[in-house]
Amino acid sequence: MEPFRLIIDGKRVPTKQCFEVLNPATEKVAGLAPLAEASHLEDAIRTAKVAFKAWRDETERKRQTACRKIAQKIEDHAEELAQLLTAEQGKPLNGLGSRWEIGGAVAWTQYTASLSLPMKVLQDNNEGRVELHRKPIGVVGSILPWNFPVLIAIWHIIPAVLSGNTVVVKPSPYTPLTTLRLIELMNEVLPRGVVNCVTGDDGLGPIMTSHSDIGKIVFTGSCATGKKIYACGAETMKRMTLELGGNDAGIVLPDVDPKQIAEGLFWGAFINTGQTCAAMKRLYVHDDVYEDVCEELVKFARKMPVGNGTDEDAILGPVQNLRQFEIVSALVADAAPKGRVLMGGDVPRHSTRKSGYFYPPTIIADLDNGDRLVDEEQFGPALPIIRYREIEDAIEKANDNPNGLGGSVWGRDINEAKRVASKMECGSVWINKHGMIQPNAPFGGVKQSGIGVEFGQEGLEEYTDTQVVFS
Ligand code: NAD
């Protein structure tokens, strides 16, 4: 099996050692990733620093054109990237799986390429002229998780390069391959050193977050790692965008039609087999419709085929890795005796599993705040349902969590749904849908779900420092 290579200074760079990347559907080797040493990371940062000097001085139009060419490259290689993504990440090719993720990467790149950072005149009168300029920061370090290895790489890289920065990317050790290939393709249209990719173990992360030649870290991953990164970056006063964990609540109001909302509830919770930051991770349902909502949701969920992502009929895939599989298993084992298991929950023990980290879609009713499956982020295909009678109680329980990424309200009376939404402590809130992010709307968490936003003009500006010119 031919190993993948690091991408540094526009070149494919071999390493002495490689590590195996497992296909989560088969537990067989999907590919060999290069195991970078600290010296490779130093090379990547040095080359990005050199490339920055020229890239920051390019015209915005040239950088926009380069981003459009990246979109075209991804589109031209869409099927190759989707197949590789399914092999290492496990998500199905179809449904909201790999082909959808690659399509999203193209769309996000195209949209972001249309943004710009014009100078703003704050004052122009006989007392003087004041201009606000947006300037690139320098070398951006991008640290990625394993749930959307292509789309999240695009969210980090494209606004960074569009605004004149250069980038060193570190993918998750669980899913380095498609990101390496993506960055190899980007290097066919970008000048050398503008985007580099270094893969290896978690130990590369702290080198990046403490490095004096990296000006900004953009990180998507768990709250625990985010806190370490935040602390580590303080010494060099790094700019930070931290997109961290979520424990999104959905609140179902008493006036819903349970049958009508079942599909939306299902996808809100089970997109990417539940391994989505802004997935619905706990569902509060009013007593009047509680049993009907449970029934319709389970009816819909039972129709969803789970299987190896290469099977064209599969809609949900395996959990991506054994560590996450064990987290989901432990949370469900804790919750099952406390609640009512409506479906799933009966996972074969690890020792008897045939192959693959398949976890059955699981829905457990009659749980409450204080149960681990409600309080903690499961990041997998297991949804707890909580009954409520008074809407104020539901809002209080939804907010009683350190996370504040997303939330949703489901109801026919849109004004009442919006009233409830306005009381939810989260960065995004959806009405009668959940998790529908889009490239023109800023996205980020409040409370411990992160710092800063991605997407849209506000997200782009996070890759810049301001300089005010008084004349
Ligand atoms: P993780 O925190 O375990 O790892 C993420 C990345 O951090 C990996 O590349 C890892 O190698 C690196 N890393 C590990 N230790 C580090 C350190 N000390 N310093 C610097 N980097 C380090 O997260 P994960 O398990 O890959 O991803 C799942 C989590 O990500 C979930 O909590 C999920 O909610 C969150 N997530 C958030 C968003 C969002 O936009 N808010 C999106 C996707 C995922």
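Just so it is clear, the values below take in all heavy atoms, side chains as well, and ignore hydrogens, waters and symmetry mates. One-based numbering, in listed order, for ligands and for the atoms of each. Residues: numbered from 1 along the sequence shown.
No side-chain heavy atom of L367 sits under 4.5 Å from any side-chain heavy atom of I385.
Nearest protein neighbour of atom 35 (C) of ligand 1, counting heavy atoms only, is G221 O, 3.1 Å. S222 OG, 3.6 Å is the protein heavy atom nearest to atom 1 (P) of ligand 1. E243 CB, 3.2 Å is the protein heavy atom nearest to atom 40 (O) of ligand 1. Among all non-hydrogen protein atoms, the one lying nearest atom 41 (N) of ligand 1 is L244 O, 2.7 Å.
The shortest separation from a heavy atom of G445 to ligand 1 is not under 4.0 Å, leaving the residue out of contact. At a 4.0 Å cut-off, at least one heavy atom of G246 sits close enough to ligand 1 to count as contact. Using a 4.0 Å heavy-atom cutoff, F219 is listed among the residues neighbouring ligand 1. Using a 4.0 Å heavy-atom cutoff, I152 is listed among the residues neighbouring ligand 1. Using a 4.0 Å cutoff on heavy atoms, C232 does not count as a contact of ligand 1.
Residue contacts with ligand 1, taken as heavy atom pairs separated by less than 4.0 Å, involve D202 via backbone and side-chain atoms alike. With a 4.0 Å heavy-atom cut-off, ligand 1 is reached by the backbone of L144 but not by any atom from C-beta on. With a heavy-atom cut-off of 4.0 Å, E377 touches ligand 1 through its side chain alone. Residue contacts with ligand 1 for F443 involve side-chain atoms from C-beta outward but no N, CA, C or O (heavy atoms, distance under 4.0 Å). By the criterion of a heavy-atom distance under 4.0 Å, neither the backbone nor the side chain of A224 is placed next to ligand 1. Under 4.0 Å from ligand 1, not a single heavy atom of L204 appears.
Between S428 and W430, the side chains place no donor N or O within less than 3.5 Å of an acceptor N or O (distance only, hydrogens not considered). Side-chain contact, T112 with T109: no donor N or O sits under 3.5 Å from an acceptor N or O. S98 and Q83 are not linked by any side-chain donor-acceptor pair at a separation below 3.5 angstrom, with hydrogens and angles left out of the test.
Salt bridge E79/R99: present, at least one basic N to carboxylate O contact under 4.0 Å. Using a cutoff of 4.0 Å between basic side-chain nitrogens and carboxylate oxygens, E184 and R12 are scored as salt-bridged. A salt bridge is defined here as a Lys NZ or Arg NE, NH1 or NH2 lying under 4.0 Å from an Asp or Glu carboxylate O, and D400 with K397 fails to meet this definition. With salt bridges taken as basic N to acidic carboxylate O contacts below 4.0 Å, one links D9 and R192. A salt bridge between D248 and K281 is absent, with no side-chain N of the basic residue lying under 4.0 Å from a carboxylate O of the acidic one. Here K338 does not pair with D366 in a salt bridge; the nearest charged N to carboxylate O distance is not below 4.0 Å.
Each of the atoms 9 (O) of ligand 1 lies under 4.0 Å from some heavy atom of P171. Short contacts between ligand 1 and P173, defined as distances under 4.0 Å to a heavy atom of the residue, involve ligand atoms 11 (O). Interface atoms of ligand 1 facing N147, defined by a heavy-atom separation under 4.0 Å, are 43 (C), 44 (C). Every atom of ligand 1 is numbered from 1 in the order shown, and the set under 4.0 Å from a heavy atom of F379 is 28 (C), 31 (C), 33 (C), 34 (O).
Residue K228 places no N or O, backbone or side chain, under 3.5 Å from any N or O of ligand 1. Looking at R323 next to ligand 1, an N or O pair under 3.5 Å apart turns up. The shortest N/O to N/O separation between K170 and ligand 1 falls below 3.5 Å. The shortest N or O to N or O distance between W146 and ligand 1 is under 3.5 Å.
When T175, L32, L177, T199 are each tested for a side-chain contact (heavy atoms from CB on, under 4.5 Å) with V21, only one passes: L177.
The salt bridge (charged side-chain N to carboxylate O under 4.0 Å, His left out) check on E101 picks up K91, with sequence neighbours excluded. Residues passing the salt bridge (charged side-chain N to carboxylate O under 4.0 Å, His left out) test with R68, sequence neighbours excluded: none.
Ring geometry for F325 versus Y359: interplanar angle over 60°, hence perpendicular rather than tilted (30 to 60°).
Of the options T225, I143, L405, I229, the smallest heavy-atom separation from atom 16 (C) of ligand 1 is shown by T225. Taking all heavy atoms of P206, S172, G205 into account, the minimum distance to atom 18 (N) of ligand 1 is reached by P206. Checking P149, G141, C277, P145 against atom 39 (C) of ligand 1, the nearest heavy atom belongs to C277.
Under the 3.5 Å distance criterion, the side-chain polar atoms of T276 are matched with a main-chain donor or acceptor of I271.
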